[in-house]
Amino acid sequence: LQAMELAEANIRMSELDRLKSAFLSTVSHELRTPLTSILGFAKLIGRDFTEQFLPLASGQAALEARGRRIADNLSVVFHEAERLTRLINDVLDLSRIESGSMHWRDRRIAPLDVLRTAARSIAGLLAARPEIVFVFDATEQVPDLFMDPDQLIQVVSNLLQNAVKFTRTGEVRMTVRTDGEAVQIVVADSGIGIPESELESIFGKFHQVGRGDTLSDAAKGTGLGLAICGQIVRHYGGRIWATSRLGQGSAFHVRLPCLAQEEGPARIP
Ligand code: ADP
């Protein structure tokens, strides 16, 4: 009897979990529309203001100072709306994966081509951070994977963005290797590092390492990026983990099983 009750409770729990994810997904979707307006109009007001109002104030110190304050305040609105958009997109992604409604566009892919695309996607970030050198180290031939290339880009871009965000100066290096059974991607940085006690919990939802943050508003994250990476990598039967030395840097390791047959990847035990 007890086993039956347990099984029933389990079914109820997973149904609740599915409902929760479906609810989150609807709500997030509804939130995105007004936010797109807020972002668009904040941008428009900012442009009109700098192009039309500020030139009028030129030469009048008091007006100029007031103008600069308005522009600063508007940029806070803009960055916070951007952050909220990121948060909603992340919640939406996570709830899609958790509720099983994610549409995985799996196909045979050449990982190096996809990783090059991911590397290009952070070029803009790197341009603003000349004190960081980016190295893409993939000398070997790498076997094909069977997965959604956009999801691989999502994982690696997340790791690369974090690496840049938490590194003041030095190197961000993406290494790709294979042992024939799996492709191993390592994103390593020379940044602030992660305390040993948090190396696992950072993959949980909304977990951020508290360190009296010195990050700019624009760089503040959602605490969901690594949770999403974890879900995606596990969906493909792979593993993701972090190693780090405080004050010296961190490395994020992703292991993805190679294509065994056309039907899908082999599982890493
Ligand atoms: P966030 O949006 O905050 O970056 P993530 O889930 O991507 O969320 O990361 C969770 C937390 O893990 C970050 O807030 C940060 O404290 C820590 N972290 C992630 N990547 C790094 C890194 N490369 N170096 C140092 N800390 C990191």
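Every number for a ligand or one of its atoms is a count from 1 in the order of the listing.
- Under the 3.5 Å distance criterion, with hydrogens and angles disregarded, a donor-acceptor pair is assigned to the side chains of H207 and E198.
- Atom-to-atom distance recorded for S157:OG and I122:CD1 is 8.0 Å, nearest 0.5 angstrom.
- Listed by chain and number, the residues in a side chain to side chain donor-acceptor pair (under 3.5 Å) with R116 are D113 (sequence neighbours excluded).
- Each of D189, I192, L199 was evaluated against S250; a single residue qualifies, D189, per the side-chain contact (heavy atoms from CB on, under 4.5 Å) test.
- Not counting sequence neighbours, T26 has no partner by the side chain to side chain donor-acceptor pair (under 3.5 Å) test.
- When hydrophobic residues (I, L, V, M, F, W, Y) are linked wherever their side-chain heavy atoms come within less than 4.5 Å, the members clustered with F78 are L39.
- Protein residues lining ligand 1, listed by chain and number: N162, A163, K165, F166, D189, G193, I194, I202, H207, Q208, V209, R211, G221, T222, G223, L224, G225, L226, S250, F252 [non-hydrogen atoms, distance under 4.0 Å].
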